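Structure first, then comments.
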Amino acid sequence: MQVKRVVLNSRPGNNGVPVPANFRLQDTTLAPDLKDGEVLVRTLCLSVDPYMRCRMNEDTGVDYVTPWQLSECVDGGGVGVVESSRCSACSEGDVVTSFNWPWQTKAVMKGSALQTVDPQVVDGHLSYFLGAVGITGLTALLGMREKGHVIKGANQTMVVSGAAGACGSVAGQIGRLDGCVRVVGICGSEDKCRALVDDLGFSAAINYRQEDVPAKLRELCPDGIDVYFDNVGGGISDTVIAQMNNNSHVILCGQISQYNKDVPYPPPLSEEIQETLQRKNITRERFTVLNYMNKADAALFELSQLVKSGQINVLETVVNGIENMGDAFCSMMKGGNIGKQIIKISE
Ligand code: NDP
C-alpha cells in the first residue's frame, strides 16, 4: 500500500530558525500483511508542538525526548482510526492516540503503543485529544494545580505569557475558574488579544509586539502579580517577574523565546532576576507534565467536563494535508496559531 510520510530533511542548527525545507514529503510502501500485535491505522490529525524544536537538533539536551534522525519519519502526537488489527487490545474502527505517531497518512504500529480513546469524551472533536483534552490541556491544568498555588477568595492576579497558544489559552481559563480575580494574557497579535478577552474570558490582554509591556502590566495589574504561567521566558518573563508580589509563584512551563538558541533548558536567568526571585521569595519550579502522568486520567476527565459544559472554550488553528506539516510547525513556532495548531490528515 502506498502512503505519504514526512521525514527530517535537514537540521536548522542549534542556533537556527526552523524552515519548512527542514522537512521532506515522501511516498513509501507499507507491508501488505500485519504481524501479530500490529495494527494498521489511518491518521486523522497530527500535532505540532514547541518541544519538537529540540528534536531537530542532534542532541535534544533533555532526557525525555530523542532527536529525530535525518531521512527518517518524524513523529509526535497523533490521533487516528484502526483500519485492521492483529492486536487483541484494538479493533477495527477504534479511535486511538499516541505521543509517537509517525507523520504518515497511514501506518503500521504496535497495538501496545496505542491508547484507545472514546470520541464521546470530546463530543466527536477528535483533535481535542491532542490539545485541550490531551497533553497541552493537561499541562495547563496540572501546571496550575501543582505549581500555581491559586486560592479561591485570595484576590489573586494571574498573568499568562504565550496566552493565546494551546497551553496558555487553557491555563488562563483554569486560573479564572480556580478563583483568580484578574487574568491578564500576553500574546503576539491584536486578533489574539481579542480572542482572549471576547472568547476565553481573560480580564485583559497585552500585545507584546506593539504595546509597552511593563506599562500595560502596571496598569492592568494594580495589585501586582501573584501567579505567572510562563510559556515564553526571555525579556517578557523578566518584565513580568519584576512586577510580581512577595511570596508569589512562577509556573515554569516553557521558554519558547529561547528555543532557537543554543542554551540549556531552562535557560539561565540574569543576576538581577535571580535577586528579585530571592528577595521576594518567589517560587519558580520547573514543571514537566510527564512527571505527573499518575494524575492524567482524573485531570483529563475534569478537562473533558469543563469543555463539554462550556466552562472552557477551545481554540484551534487547523490546516489540511500532510504536505503542510513543516509549514504548520514553523508557523506555530512564529505565532501563526491561535489556540492549538492541528493538522488534519484525513476525515
Ligand atoms: P503554543 O500553542 O503556545 O504555540 C507557541 C506560541 O509561542 C506561538 O503561537 C507564539 O505566540 C509564541 N511565541 C513564539 N515565539 C515567541 C517569542 N519569541 N516570544 C513570545 N512568544 C513566542 O504552544 P504550546 O501551548 O504547545 O506550548 C507553549 C509552551 O508550553 C512552550 O514553551 C512549550 O515548550 C511548553 N510546554 C511545556 C510542557 C511541560 O510539560 N512543561 C508541555 C507542553 C508544552 P505569539 O503570537 O503570542 O508570539
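When a ligand or atom number is given, it counts from 1 through the structure's own listing order. Note that the coordinates shown come from a computational prediction; the quantities given were computed from them, not determined experimentally.
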Fill in: Test side-chain contact (heavy atoms from CB on, under 4.5 Å) applied to V133 and V117, V122, L138, the passing residue
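In the set V117, V122, L138, the residue that makes a side-chain contact (heavy atoms from CB on, under 4.5 Å) with V133 is V122.
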Discussion item. Taking C221's backbone N and O only, do any of them form a donor-acceptor pair with T157's side chain (distance below 3.5 Å, no angle check)?
Written reply: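 No: the side chain of T157 does not pair with the backbone of C221.
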Worksheet item: Counting only heavy atoms not in K308, do more than 12 fall under 6.0 Å of its NZ?
Response: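 Result for NZ/K308: enclosed.
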Worksheet item: Has E323 got more than 12 heavy atoms of other residues, nucleotides or ligands less than 6.0 Å from its CD?
Response: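 Enclosed: over 12 neighbouring heavy atoms sit under 6.0 Å from CD of E323.
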Discussion item. With a 4.0 Å heavy-atom cut-off, what residues sit around ligand 1?
Written reply: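 Only P50, T136, T139, G165, A166, C167, C187, G188, K192, Y208, R209, N231, V232, I236, C253, G254, Q255, I256, S257, Y259, F287, T288, V289, M332, M333, G335, N337, G339 have heavy atoms that fall under 4.0 Å of ligand 1, ordered by chain and number.
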Worksheet item: Can you list every ring-ring contact (aromatic ring centres under 6.0 Å, His included) pair that touches residues 103-125, not counting sequence neighbours?
Response: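 For residues 103-125: F23-W103, W68-W103, H125-Y128.
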Worksheet entry | D33 and R86 ion-paired at < 4.0 Å |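 Salt bridge flag = no for R86 with D33.
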